[in-house]
Amino acid sequence: MGRGRLRIHLGAAPGVGKTYAMLAEAHRRAERGTDCVIAFAQPHGRPRTEALLEGLEQIPYVERAHGRAVVAEMDLDAVLARRPRVALVDELAHTNAPGSRNAKRWQDVEELLAAGIDVLSTVNIQHLESLGDVVESITGVREPETVPDEVVRRADQVELVDMTPEALRRRMAHGNIHQPDEVDAALSNYFRPGNLTALRELALLWVADRVDAHLQHYRSEHQVSAIWGSRERIVVGLTGGPEGRTLIRRAARLAEKGAGGELLAVYISRSDGLTAASPRELAEQRTLAEDLGGSFHHVVGDDIPAALLAFARGANATQLVLGSSRRRTWQYVFGPGVGATVARDSGPDLDVHIVTHEEVARGRGLPGAEGARLGRSRRIWGWAAGVGGPAVLAVLLDVGDLGLATDMLLFLTLTVAAALLGGLWPALASAAAGSLLLNYFHTPPLHTWSVADPRNIIAILIFVGVGASVASVVDLAARRTHQAARLRAESEILSFLAGNVLRGETGLEDLLERVRETFGMESAALLERAGDVEPWTCAGHAGRGRPVGRPEDADVEVPVGDHMALALTGRVPPAEDRRVLGAFAAQAAVVLDRRRLREQADRALALAEGNRIRTALLAAVSHDLRTPLAGIKAAVTSLRSADVEWSPADRAELLKGIEEGADRLDHLVGNLLDMSRLRTGTVTPLIRAIDLDEVVPTALGGMPGAGVVLDVPEALPMVAVDPGLLERAMANVIENAVKYSPAGLPVLVAASALADRVEVRVVDRGPGVPDEAKQRIFEPFQRLGDAPRGAGVGLGLAVARGFAELMGGTLNAEDTPGGGLTMTLTLRAATTRREPVPVGPGAPPAPAEPERQPS
């Protein structure tokens with residue numbers, strides 16, 4: 001019997017119904033007559049899941065001691081002895097209790113599969129080993145039980161069990177996942193909408209990656225060369241010319257129109273390393289393609305149409321975008337051109353778009369191909385062997401007679417040696433000199449320039465032809481070797497540009513330092529000027545000494561456009577280095593442009609924020625400051641009036657109005673000052689470890705006595721905060737909740753520990769806040785449209801979030817299950833631990849569990 005098949009139901013989050021789906025699949029198979037047994041299933045007390053256990057044979061579990069508890073585990077030996085066709089094994093990532101044969105349940109499943117038993121199993125996305133750190137950063141919980149990704153990837157089938165976060169939270173609120181007393185805590189912690197959305201995205205991406213891998217494997221295994229248009233993939237072919245930007249933008253628009261469109265820009269260069277492409281132009285086109293959400297690829301190929309089509313089919317592309325040919329009319333006598341050839345050979349499954357541009361029929365330059373130099377000493381030795389060698393060999397051979405054939409082979413050997421040392425021209429000189437000397441010294445009649453036997457004439461001509469051919473081949477091989485070495489070095493340098501610079505990971509000075517080190521220069525500077533007659537200024541510098549004042553003063557200058565240049569001092573590099581220097585110069589200009597654009601954006605953002613705050617502040621002053629001032633002035637004027645005799649009750653009411661107006665002004669001015677301190681960065685938190693129950697009750701000063709219910713357990717870990725900032729932040733959040741909470745429904749302030757954090761939740765049953773406004777309410781001077789009159793200028797939550805972030809925490813808004821708003825303040829737990837409470841005879845009694853008491 002062969003190996004069994006594994007089917008995994010992958011859950012996007014706990015509670016989406018993966019166990020239910022596994023049991024439902026088992027019932028479908030059982031109805032078809034398949035022998036299915038439940039090796040282990042964990043319904044978690046959910047009635048609908050437990051109902052599916054009926055009708056399926058269940059192998060009894062084995063009980064094992066685990067600490068002070070006894071846990072039920074799968075009886076692996078019993079399942080192997082029963083040998084069903086299909087076994088149901090829930091919770092693939094489960095860790096077996098001590099005493100089990102295997103440490104992990106997935107290892108038990110491997111034994112079942114090896115025995116030829118098919119397995120249906122379940123696992124959640126957060127239990128995949130490679131996603132442990134990601135899940136912990138999202139949920140704050142480190143999953144202790146994990147399964148290697150490879151185990152899940154090897155499964156014959158992986159079925160995603162998914163549910164929207166809203167539907168899952170409704171299931172949770174209805175008690176279909178956890179017990180009713182655990183619902184509020186779960187909804188406020190692990191089952192937040194953001195957590196569930198992130199886990200869902202992880203699951204979808206993981207499954208999509210596996211599906212794509214299976215598709216590529218299938219296409220490779222079945223040698224499928226046809227393009228399957230499962231999604232729009234647009235390949236744009238670039239020549240390195242200025243028309244490339246037009247082609248990229250056109251291809252990007254095509255990609256946007258298709259579902260899940262993908263843009264791939266490809267540049268084909270010949271294998272000899274000779275190219276007419278501008279390094280600056282290619283760098284700009286790479287940046288443009290990546291800015292538009294695409295990717296850039298550099299492919300080597302001598303047959304450009306074939307290389308383009310091979311790349312497009314390998315990428316499973318559906319459309320290919322090319323530019324109209326830049327060749328002039330007379331150049332078409334050499335062939336139809338790349339565009340026409342690609343369109344002819346593309347076939348019915350690949351659409352080819354020929355895009356017009358401004359460079360059509362303007363011609364294109366030939367590649368500048370300067371031969372690779374073999375070095376001065378090698379060329380000297382090559383000429384010595386090619387010119388002096390035949391003369392010396394002729395003198396030596398004149399002493400004895402070895403025969404014409406042997407003499408020709410010796411002269412041919414000397415020609416090959418000249419080619420190896422000096423290249424083509426010394427070898428040709430050796431072949432010419434050798435043929436003349438062979439004719440004069442070794443071809444009858446001797447010591448004359450005539451040849452008596454016609455066969456000797458043919459032999460000499462063959463010698464010259466073979467010598468020239470061998471010299472050409474050797475010279476070409478030497479040049480290609482030199483070019484390959486240079487191109488390899490250039491590719492290593494350019495990969496730095498492609499990887500670091502284009503992702504914005506390198507600053508201008510770092511890039512210039514890399515140029516200086518790479519080419520062994522003393523200094524490197526990027527110079528620029530505003531116009532043709534303006535003085536040069538230094539935008540960036542690296543190396544020793546002061547930067548040069550003008551590009552003409554440098555040992556080498558690489559122009560970048562009309563008003564920018566890369567200036568290097570130290571030595572004059574060889575001409576072939578200018579290609580890579582041009583790429584560095586182009587990228588230096590791109591880095592400088594990005595830096596300036598970022599600075600301009602930051603300045604514009606700061607100006608816009610300042611203008612908005614000033615406008616909102618004027619609006620606040622015009623209403624929220626004038627209203628209490630007007631009330632105070634009216635009350636004081638009334639009290640000072642001698643025309644009216646006020647009763648004690650009336651005087652008390654007027655004084656109360658003055659006090660309330662002064663409190664409103666004090667609170668408003670305090671928030672304004674706090675916001676100004678936050679904006680100017682003058683708030684310095686004094687972090688220390690403190691208990692929450694020392695700060696939270698203090699923040700309730702001035703709140704209605706029956707309006708807030710506290711639930712802050714004394715067993716919580718200490719938090720690392722600034723007590724004054726935390727008190728002010730809590731006061732603002734609680735005050736906001738009390739304002740919007742209906743009468744008779746108190747605000748709940750509850751705290752709990754979660755990993756290395758402590759969360760304080762302020763829960764109200766008010767009207768709530770729409771999802772699109774949950775972030776806006778934390779901005780200064782933001783209030784909901786139905787805010788009650790006198791609710792302030794909208795600074796309280798902005799100040800609270802600012803203080804929370806200064807202390808290394810967060811403040812976020814979420815919906816309260818059943819209606820309302822929950823503000824969650826997350827704080828860092830202090831490393832200082834509480835002193836242990838003494839126990840035993842004579843020890844003071846342990847504190848009672850805190851009850852939820854109204855503040």
Side-chain angles (χ1 to χ4, degrees), residues 240 242 245 277-288 290-291 296 486-607:
R245 285 165 284 181
S278 165
R280 175 178 172 82
E281 194 68 43
L282 277 181
E284 292 179 353
Q285 291 172 17
R286 177 193 289 267
T287 303
L288 177 61
E290 294 179 348
D291 289 344
F296 186 91
R486 284 200 56 81
L487 289 174
R488 182 175 59 188
E490 290 179 6
S491 66
E492 293 176 355
I493 297 171
L494 294 176
S495 66
F496 164 78
L497 296 176
N500 294 52
V501 179
L502 295 178
R503 289 195 299 265
E505 299 176 355
T506 302
L508 178 59
E509 286 71 20
D510 295 333
L511 178 61
L512 294 176
E513 179 63 23
R514 179 64 180 260
V515 175
R516 190 192 66 79
E517 291 180 355
T518 301
F519 295 96
M521 296 294 182
E522 293 181 357
S523 67
L526 185 64
L527 306 179
E528 63 174 346
R529 59 181 177 180
D532 294 335
V533 296
E534 299 294 329
W536 290 93
T537 60
C538 180
H541 175 257
R544 300 186 297 272
R546 297 172 58 86
V548 294
R550 299 179 307 167
E552 296 83 1
D553 300 334
D555 293 317
V556 59
E557 60 168 312
V558 183
V560 187
D562 297 330
H563 302 119
M564 188 176 294
L566 178 65
L568 304 171
T569 61
R571 67 182 182 89
V572 178
E576 55 263 30
D577 285 347
R578 294 188 66 88
R579 180 170 55 185
V580 181
L581 281 173
F584 270 106
Q587 294 307 321
V590 172
V591 171
L592 180 61
D593 291 341
R594 284 185 174 179
R595 185 174 71 181
R596 288 177 174 170
L597 287 174
R598 191 181 304 112
E599 293 172 353
Q600 292 175 4
D602 292 341
R603 288 195 297 268
L605 182 63
L607 289 174

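One is the number of the first residue; the rest follow in order along the sequence.
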Exercise for the section: Provide the closest heavy-atom pair for R595 versus A539 in the form atom of the first, atom of the second, distance. Expected result: NH2-O, 3.3 Å
Problem - Where P551 and E557 come nearest, the two heavy atoms and their spacing - result: CB-OE1, 3.3 Å
Problem - For G540 against L508, the heavy-atom pair lying closest together - result: CA-CD2, 3.9 Å
Practice task
Search all heavy atoms of L592 against all heavy atoms of M564 and return the closest pair with its distance.
Solution key: CD2-CE, 3.8 Å
Exercise for the section: Kindly write out the residues that satisfy side-chain hydrogen bond (donor to acceptor under 3.5 Å, both in side chains) with D553, not counting sequence neighbours, or none if the list is empty. Expected result: R550
Problem - Validation row: W536, V548 side chains within 4.5 angstrom (heavy atoms) - result: no
Handout entry: Check: L597 and R594 side chains under 4.5 Å, non-hydrogen atoms
Key = no
Distance-only check: which donor-acceptor pairs under 3.5 Å involve side-chain atoms of residues 519-529, not counting sequence neighbours?
from: S523; atom 1: OG; to: T569; atom 2: OG1; distance (Å): 2.4
from: E528; atom 1: OE1; to: R596; atom 2: NH1; distance (Å): 3.0
from: E528; atom 1: OE2; to: R596; atom 2: NH1; distance (Å): 3.2
from: E528; atom 1: OE2; to: R596; atom 2: NH2; distance (Å): 2.1
from: R529; atom 1: NE; to: G531; atom 2: O; distance (Å): 3.4
from: R529; atom 1: NH1; to: D532; atom 2: O; distance (Å): 3.1

Completion exercise
Taken in chain and number order and not counting sequence neighbours, the residues that satisfy side chain to side chain contact (heavy atoms under 4.5 Å, CB included) with R546 are none
